[in-house]
Amino acid sequence: MRRIALAIFFCVAIAALSSAAPRKIAYEHGENIFVADLDGSHARKIASGALPKISPDGTHVAFNTEADAKNRPGPERRIVIVDLSNGKTTVLKDIPSDNCFGPVWSPNGKQLAFMIMAEKQWQVGFVNADGSGFHYLNNPELKHDGVGGQEWSRDGKWIFCHDLDNLYQVDLDGKIVNKWELAKILTDAGMNGGDKLSVSPDGKSLLMDVDTGSEHERKDWDGPQPAIERFDLGAEHAVRVTGKDDFVWEPFWLSDTEFLCIMQKENEREPSIYRVSIDGKNPKLLVRHARTPSVTAP
């Protein structure tokens, strides 16, 4: 009987593993949003918009719309959620601004953090996945003209973000828990408001978009060379993980040893999504001419 019970147990365990849903990615291609298998296969368009993030469980995608505002200069952007089981889209209408972008899922999939223009300044906002419970991340110390990169900690208790001068770890009530001066932790690099952060699976380090300070010789490239650095939260030290000649940005952790990013090679007009080892080597092309990758939880 014991052997039979063990056999049944292992059969059930193997069946559970084999039936686990494969990991999915979401990304932008042109002005549209796609979902695909992790290797880039079986891609399907789900909406038009920008900056998609697939939920940890792979059931929904959050993104922002892009349109010209009717009553003011600049864009009109709304936060939208797509149910991947039936294609239903829901615009989160109770957010008090028509200029919001960059939604990021909490680890439990119950909340979104995003950027919102309110009272003529950029702020981090929160909203529940059903559209209720909107509130701001209130802290006057954050420099609103350059704040960005909002990213959840792995336990969902903190938000990481940055402005043009500092990297912050902030609790959900707005209290700054840690603050690091970018000039001291980065290697001959800086950040702009659009640069992204991604927390490692173990929660102990960040991948950071940076603009390098060194000169480059690439033709038809306007601006500094983009690179990715890894910041160890315990050691409070960052190291560059991408090659000195690589133009790489928009990191998203995939596993302890790999991340997704976009890379634009010389003589190319658009970036593509790659899967890269954490030492910056062995890039594998996943999706050509695409950007803003995100991936479901393991």
Side-chain angles (χ1 to χ4, degrees), residues 102 104 107 142-143 146-155 157-170 176-218 221 223-266 271-286 291-295 297-298:
V104 182
L142 298 177
K143 297 180 179 179
V147 68
Q150 65 281 0
E151 171 72 329
W152 295 84
S153 64
R154 287 292 173 176
D155 60 10
K157 296 180 179 179
W158 324 98
I159 285 287
F160 293 98
C161 60
H162 64 82
D163 55 29
L164 302 181
D165 299 312
N166 302 291
L167 171 67
Y168 301 93
Q169 181 182 5
V170 189
I176 294 177
V177 179
N178 282 302
K179 175 182 174 181
W180 300 274
E181 189 176 345
L182 293 177
K184 293 181 178 180
I185 65 174
L186 297 180
T187 309
D188 188 28
M191 301 185 76
N192 64 65
D195 284 337
K196 293 179 170 36
L197 306 172
S198 182
V199 179
S200 62
D202 63 8
K204 295 180 180 180
S205 60
L206 294 172
L207 290 178
M208 307 171 64
D209 267 340
V210 300
D211 301 323
T212 62
S214 58
E215 296 292 330
H216 65 81
E217 299 180 356
R218 180 169 291 193
W221 184 272
Q225 178 185 356
I228 295 172
E229 295 201 6
R230 181 180 184 178
F231 179 57
D232 186 312
L233 293 166
E236 300 186 329
H237 177 68
V239 295
R240 185 167 170 176
V241 298
T242 51
K244 67 180 182 67
D245 297 321
D246 294 335
F247 283 57
V248 187
W249 65 110
E250 294 184 358
F252 197 101
W253 280 93
L254 179 61
S255 68
D256 290 333
T257 59
E258 292 181 296
F259 62 95
L260 302 182
C261 62
I262 62 173
M263 180 185 303
Q264 188 165 328
K265 297 187 176 182
E266 195 162 9
S272 298
I273 297 174
Y274 285 80
R275 181 173 182 167
V276 184
S277 60
I278 194 59
D279 59 6
K281 299 178 180 178
N282 306 314
K284 179 181 179 181
L285 177 64
L286 296 183
R291 58 183 304 151
T292 62
S294 63
V295 63

Any pair with a residue in [range] that passes salt bridge (Lys or Arg N to Asp or Glu O under 4.0 Å), sequence neighbours left out, goes on the list, sorted by first then second residue, please.
{"range": "residues 235-254", "answer": "Glu250-Arg291"}
{"range": "residues 273-284", "answer": "Glu258-Arg275"}
{"range": "residues 179-208", "answer": "Glu141-Lys179, Glu181-Lys184"}

Can you tell me how far apart [atom1] ([X]) and [atom2] ([Y]) are? Round to the nearest 0.5 Å.
{"X": "Ile273", "Y": "Ser294", "atom1": "CD1", "atom2": "OG", "value": "9.0 Å"}
{"X": "Gln264", "Y": "Phe247", "atom1": "CD", "atom2": "CZ", "value": "9.0 Å"}
{"X": "Ser277", "Y": "Asn282", "atom1": "OG", "atom2": "CG", "value": "4.5 Å"}
{"X": "Leu167", "Y": "Met208", "atom1": "CG", "atom2": "CE", "value": "5.0 Å"}
{"X": "Ser200", "Y": "Leu206", "atom1": "OG", "atom2": "CG", "value": "7.0 Å"}

Checklist entry - Quick one: ring-ring contact (aromatic ring centres under 6.0 Å, His included) pairs with a partner in residues 179-205, sequence neighbours left out? => result Trp180-Phe231
Within a strict 4.5 Å, meaning less than it, do heavy atoms of the [X] and [Y] side chains meet?
{"X": "Pro226", "Y": "Asp209", "value": "no"}
{"X": "Phe160", "Y": "Leu233", "value": "yes"}
{"X": "Glu266", "Y": "Trp221", "value": "no"}
{"X": "Leu186", "Y": "Met191", "value": "yes"}
{"X": "Ile278", "Y": "Leu207", "value": "yes"}

Grab the two heavy atoms, one from [X] and one from [Y], that are nearest each other, plus how far apart they are.
{"X": "Val147", "Y": "Cys161", "value": "CG2-SG, 4.4 Å"}
{"X": "Pro251", "Y": "Ser198", "value": "O-CB, 3.6 Å"}
{"X": "Ala238", "Y": "Thr187", "value": "O-OG1, 3.5 Å"}
{"X": "His216", "Y": "Arg218", "value": "ND1-N, 3.2 Å"}
{"X": "Gly102", "Y": "Gln150", "value": "O-NE2, 2.7 Å"}
{"X": "Trp253", "Y": "Val295", "value": "O-CG1, 3.7 Å"}

Next on the checklist: Considering only residues two or more places apart or on different chains, which pairs with a residue in residues 225-234 satisfy side chain to side chain donor-acceptor pair (under 3.5 Å)?
Outcome noted: Ser205-Arg230
Checklist entry - Taking only residues two or more places apart in sequence, or in another chain, which ones meet Phe252 in a ring pair (Phe, Tyr, Trp, His ring centres under 6.0 Å)? => result none
Checklist entry - With sequence neighbours excluded, what pairs up with Trp152 under the ring pair (Phe, Tyr, Trp, His ring centres under 6.0 Å) test? => result Phe126
Next on the checklist: List the residues meeting side-chain hydrogen bond (donor to acceptor under 3.5 Å, both in side chains) with Glu151, not counting sequence neighbours, and say none if there are none.
Outcome noted: none
Checklist entry - Do side-chain atoms of Thr242 reach the backbone of Ile228 as a donor and acceptor pair under 3.5 angstrom? => result yes
Item to check | Listed partners of Pro224 passing side-chain contact (heavy atoms from CB on, under 4.5 Å), at least two apart | outcome: Asp211
